[in-house]
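Below is one structure, written out as structure tokens; comments come after it.
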Number of protein chains: 2
Amino acid sequence: MGSVVKRNPRIGVLGGGQLGRMLFEASIKYEAEVHFLDPSDDCPCSSICPNVSVGDFNRYEDVLSFGAGKDIITIEIEHVNVDALETLEKQGKKVYPQSRIVRLVQDKGLQKQFYEQKGLPTAPFQLVQDKNAFLSLLEEGPCVQKLRTGGYDGRGVQLLSGSSDSSKVFDAPSVWEQKIDIDKEISVIVARNALGEIETFPSVAMEFNPVANLVEYLYAPAGISQDLEHEAKQLAKKLIVELDMIGILAVEMFLDRTGKLWINEMAPRPHNSGHHTIEGNYTSQFEQLFRVLMEYPLGSARLKSPVAMLNLLGMDGYAGKPVYEKMDEVLKVEGAYIHLYGKKETRPFRKMGHITVLAETKKDLEQKIHQVKSKIKIKS
Amino acid sequence: MGSVVKRNPRIGVLGGGQLGRMLFEASIKYEAEVHFLDPSDDCPCSSICPNVSVGDFNRYEDVLSFGAGKDIITIEIEHVNVDALETLEKQGKKVYPQSRIVRLVQDKGLQKQFYEQKGLPTAPFQLVQDKNAFLSLLEEGPCVQKLRTGGYDGRGVQLLSGSSDSSKVFDAPSVWEQKIDIDKEISVIVARNALGEIETFPSVAMEFNPVANLVEYLYAPAGISQDLEHEAKQLAKKLIVELDMIGILAVEMFLDRTGKLWINEMAPRPHNSGHHTIEGNYTSQFEQLFRVLMEYPLGSARLKSPVAMLNLLGMDGYAGKPVYEKMDEVLKVEGAYIHLYGKKETRPFRKMGHITVLAETKKDLEQKIHQVKSKIKIKS
């Protein structure tokens, strides 16, 4: 190579939200340049990262010009321009996850068809063109309607109990899905690198906020049998292999009351159900993605300690500059870790941060998480 | 307060080296703006922080203009212009540690006198004006010569065995110190906030590289008796209280072969002997300093796990752009954490990064640290 001085690899991330912020945080102990593209110059990454470009990750030209000069491209949100990702791949850039994975995941209908084709368990479903077509299925009993495209963070998904809910039905291409009789919702995050190495995080159990349809808190271990734990990990592995995907993949599953697992949805990026891994696991989901991008060996995903994670959602009724009430009380709790996302404005149920709690036993964990939960409030 | 929108607090740090870089890393999960002043536009903070100013932290005007617009000032190196810190204090800025602490610590002669005045155990010493005056003390037997000012990272300190070493003696104001018959070198980091709350980290044992006089690796717990552990923590607490200091203070001590503790030196900032706290303790030294600066409650400094830390020093014989040989081998070890400082050039014995290792038992820890130590090499 003679006297050519190689510069550090340049990573480009589409999206500059909290997932990007935590990915950036994980990258600081290594030598790489991480750049972000976000439509807002006020995004969570802008105040902490020197390399944030303002632009629309849904616009072909913006993604393409952002990708120029980068060596590796990734996403922290799946609603991005896939055609541009495909062009960047053709230019020889490493795009992890690959563009075809992002295209598949953007359409919940295609996702469901993929599970079916590969023999992966998923709730019975039908693809529906519009409201009228959906209405005829309401008689089948309780169901879930999911918009095929554009849903995010609990929006675009709704539970319908039957014909009495007909006025709520979205009038757009959607998925009709039979309601599973859920015992527990769990999530497994799995990573796969360019060499085909796979590392699976232990499953977590998630509790949802019924109003916002968002994860309220989660804990790991998930409190399921070893057999189920093994089965859940195998499902996640099978999925990432069938996808032939490079990156990290969060696989949300239902455990029904008969003890059967069903794949609900997947996200090919860091996920809310993996935030606890920053303190709870030997390697965090963010570092794991960073390792995939850099083509480093994967890190151990094993749990170090029982762990729980609480999302800090903006309180209903408040909007504007956030005020974190009683944060001091949380900071005093040994093994409680506050993560704020640097968002300039709070809104009802907006994800403003999270708290991770470590404890030596499951009982201490529950006590701590409820102690913390009752304290901090995000107002304005 | 009406409609006044309060901005986030602005912290200014003198120095943009690895200590600043890890302080910045710890700040990302909160909402604060952290700014750095460093003479080099290529310093470890410049590639990862959006707010780095180029300027000389030894120049009164540079420090003063950097301090304008900041709410809180701290240091990551003690060789800074103290007069400017004093002026900033008079302007009403919070300067933690206070300017008078930095002034005291800059002069190892004043440091020794302070220990003596406060009845804190420290090796017998004399202050000496020049080489000639020092030579007459060489007959007393093995001693240590420390330059009163300007020493750093092992430079400016030397062990002299007696008259045969007369040619090595520095010709500058220095401290003559009787050589202690050392069994172990330990360090205790203690934090104290503006409310006077104190939190002490468990002691660590340090092993030095004999050529470079730098910490090569360290481990915690330090493997001393509970009584000695208590005594070491009490000494560190007494010191920070006597100093009436706000900030974090690393107190290096000798344990002699009779079981007595002696204070060697102190550093009023994050310290190499506290890097293991990032993974090893409930709160890291960097987050603890951040909490002091923000006037948050202090975090628990308790150990989560036995831990060891290995400094990654540039190999002798290599200079230029660093190459991290066999880093992959280290990345595969569960519980091994690599931290690179983003320095553009390696030099013999330059601190380029560190590795922290966690293990469940002391024996596993020793095995892992030696495994890791034999692998990674920093060449160019």
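A note on names: the letters A, B, ... follow the listed sequences, proteins ahead of strands, and every chain is numbered from 1.
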Pairs of heavy atoms under 4.5 Å with chain A: top-ranked of S46(B), S47(B), C49(B): C49(B)

Atom group of M22(B) that falls short of 4.5 Å from chain A, counting heavy atoms: neither

Interface check, chain B: of L331(A), I338(A), L358(A), most non-hydrogen pairs under 4.5 Å belong to L331(A)

Stepwise salt bridge (charged side-chain N to carboxylate O under 4.0 Å, His left out) test for R269(B) and E76(B): CA-CA 6 Å; R269(B) 52 163 171 84; E76(B) 60 112 58; over 6 Å; no

Quick one: which of I48(A), V333(A), I278(A), T283(A) has the most heavy-atom pairs under 4.5 Å with chain B, could you say? I48(A)

What verdict does the ring-ring contact (aromatic ring centres under 6.0 Å, His included) test give for F36(B) and F66(B), after you've listed the backbone C-alpha separation in whole Å, the side-chain angles of each residue and the deciding distance to 0.1 Å? CA-CA 9 Å; F36(B) 295 90; F66(B) 174 72; 8.4 Å; no

Looking at E334(A), R21(A), E360(A), M327(A), which has the largest count of heavy-atom pairs under 4.5 Å with chain B? E334(A)

Validation row: L23(B), L289(B) side chains within 4.5 angstrom (heavy atoms): yes

Would you give the length of the straight line joining atom NZ of K304(B) to atom OG1 of T277(B), rounded to the nearest 0.5 angstrom? 10.5 Å

Test log, rule side-chain hydrogen bond (donor to acceptor under 3.5 Å, both in side chains), inputs E31(B) and Y341(A): CA-CA 8 Å; E31(B) 292 180 353; Y341(A) 301 154; over 6 Å; no

Ranked by heavy-atom pairs below 4.5 Å to chain B, first place among E329(A), K332(A), R291(A) goes to R291(A)

Within 45° cone and under 6.0 Å: K362(B) NZ/CZ vs Y219(B) ring: yes

Run through K94(A), E33(A), R10(A) and flag the one making a side chain to side chain contact (heavy atoms under 4.5 Å, CB included) with K70(A). R10(A)

For L298(B), is it the side chain, the backbone, both, or neither that has a heavy atom closer than 4.5 Å to a heavy atom of chain A? backbone

Sort out for me which of H339(B), E287(B), K29(B) touches chain A most, counting heavy-atom pairs under 4.5 Å. K29(B)

Can you say whether E25(B) sits under 4.5 Å from chain A via the side chain, the backbone, both, or neither, judging by heavy atoms? both

For chain A, which of I28(B), V52(B), N51(B) has the most heavy-atom pairs under 4.5 Å? I28(B)

